[in-house]
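Please read the structure below before turning to the comments.
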Amino acid sequence: MITIAEKINATIPSTRRIIEERDAAALLELAEKQAAAGADYIDINVGTGHGSGADEVEAMTWAVTTIQEKIDTPLCIDSADAAVLEAGLTARQGKPALINSTKATEENMATVVPLAARFKLPLVGLAMDDKGIPTSAEARLAACKYIADYCAQRGVPEEDLFFDPLVVPVSTDITQGRVTLDTIAAIKKELPKAKTVMAVSNISFGLPQRKRLNSAFLQMAVAYGLDGGILNVLDQELMGAIRAAEVLVGKDKRCRKYARFFR
């Protein structure tokens, strides 16, 4: 399974401080820990909620440049602002990356999809439209299809798309775990060349023993066809759950990854 390390996100107070203070040593330490834990991508989200758009553009350029000087792990450039995405993609200087993300609205796709075509990079599409996150798997699939059709017309093939079925905390709606799982299955059936990826820990927000819920949900999602997760790669229990799930669905030939992880 593809793992996208989640810790360089300015919504996390400790990371926000690193971004705001431009603490290169702390940023590199966090990136290096996640790379050493086996992350396939390191997510970079510098949106602190303070300052101007220009400040966020500058922060993204700084973060990407700082990390890439020392670390080879591909980056997941993460922002709701196309200008910030472009700054990060430019700063990466041709190295592999993932663009995160676009939603199924004409306004958003018109600014983000051309970046995927121009830089020839894979793109995360969110299963949501201008009305927000749909409550049903059918409506979420429709949003994904809309993104896929739009991308196909602009030179971004289905195999370069990662669809996020979106995870709503079950503490706010007990049905939403199943909706996300059904959305994953529907995407894998209707858009078979695309991959699926989700932010695992959202499921447990507001509840005790979050690690238990996260691990259980992740394993269920792998069985439904999940290809990747935005998660805490430093959580050994969660990473072990991935290896176990891959064995149980036949994705780990001769159980080698599982054995190597626990050895």
Side-chain angles (χ1 to χ4, degrees), residues 1-7 9 33-43 73 76 98 100-101 122 124-127 133 135-138 140-141 144 161-263:
M1 193 176 95
I2 298 163
T3 55
I4 302 172
E6 68 179 8
K7 288 296 184 180
N9 188 312
K33 284 181 178 178
Q34 295 182 113
D40 295 302
Y41 290 91
I42 298 173
D43 192 71
T73 302
C76 177
L98 176 62
N100 188 12
S101 58
V124 176
L126 306 179
I133 302 176
T135 57
S136 72
E138 293 78 12
R140 292 188 195 184
L141 175 63
C144 294
L161 297 177
F162 286 66
F163 284 112
D164 185 341
L166 298 178
V167 180
V168 176
V170 290
S171 58
T172 63
D173 182 349
I174 197 63
T175 70
Q176 285 302 304
R178 184 55 186 265
V179 170
T180 296
L181 296 175
D182 288 343
T183 303
I184 293 170
I187 292 169
K188 299 304 292 184
K189 179 180 179 181
E190 299 295 330
L191 299 164
K193 295 180 182 179
K195 295 181 178 64
T196 54
V197 62
M198 70 180 190
V200 176
S201 63
N202 288 356
I203 196 67
S204 62
F205 183 79
L207 292 171
Q209 295 292 318
R210 294 188 65 184
K211 287 186 177 183
R212 292 176 182 270
L213 278 173
N214 294 344
S215 293
F217 187 55
L218 176 61
Q219 290 179 311
M220 293 175 72
V222 171
Y224 273 71
L226 184 70
D227 297 297
I230 302 171
L231 44 79
N232 180 9
V233 298
L234 304 180
D235 183 340
Q236 290 295 291
E237 180 181 337
L238 193 60
M239 295 297 280
I242 292 173
R243 300 305 172 216
E246 289 176 326
V247 167
L248 295 174
V249 298
K251 289 185 176 181
D252 184 0
K253 188 175 182 181
R254 299 181 182 175
C255 306
R256 287 176 177 170
K257 291 181 182 178
Y258 179 87
R260 186 162 56 247
F261 180 85
F262 287 102
R263 191 177 295 129

Closest heavy-atom pair and its distance - [X], [Y]:
X	Y	answer
G240	F262	CA-CZ, 3.7 Å
C76	Y41	CB-CB, 4.3 Å
S136	V179	C-CG1, 3.9 Å
I184	L226	CG2-N, 3.7 Å
C144	A127	SG-CB, 3.7 Å
A37	L234	CB-CD2, 3.9 Å

Positive for side-chain contact (heavy atoms from CB on, under 4.5 Å) with Q34, one of D43, N232, I42
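Of the listed options, the one satisfying the test is I42.
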
With a 4.5 Å cut-off on side-chain heavy atoms, are [Y] and [X] touching?
X	Y	value
V170	I203	yes
K195	P122	no
D182	E138	no
Y224	T183	no
V222	I242	no
I230	N100	yes
L161	L191	no

Given 3.5 Å as the limit, does a donor-acceptor pair link the side chain of [X] with the main chain of [Y], or not?
X	Y	answer
D40	T3	yes
D252	E246	no
T196	G225	yes

Could you state the interatomic distance from [atom1] ([X]) to [atom2] ([Y]), rounded to the nearest 0.5 Å?
X	Y	atom1	atom2	answer
S215	L231	OG	CG	10.0 Å
S204	Q209	OG	CD	10.5 Å
Q236	L238	CD	CG	10.0 Å
I4	T73	CD1	OG1	12.5 Å
F162	D227	CZ	CG	7.5 Å
L181	M198	CG	CE	7.0 Å

Does [X] have more than 12 heavy atoms from other residues, nucleotides or ligands lying within 6.0 Å of its [atom1]?
X	atom1	result
K257	NZ	no
K251	NZ	yes
R212	CZ	no
F205	CZ	no

Could you give me the CA-CA distance, side-chain angles and deciding distance for T180 and L166, then say whether side-chain contact (heavy atoms from CB on, under 4.5 Å) is met?
CA-CA 6 Å; T180 296; L166 298 178; 5.8 Å; no

Decide side-chain contact (heavy atoms from CB on, under 4.5 Å) for M1 and L218; before the verdict, give the C-alpha distance in whole Å, the side-chain angles of both, and the deciding distance to 0.1 Å.
CA-CA 11 Å; M1 193 176 95; L218 176 61; 3.7 Å; yes

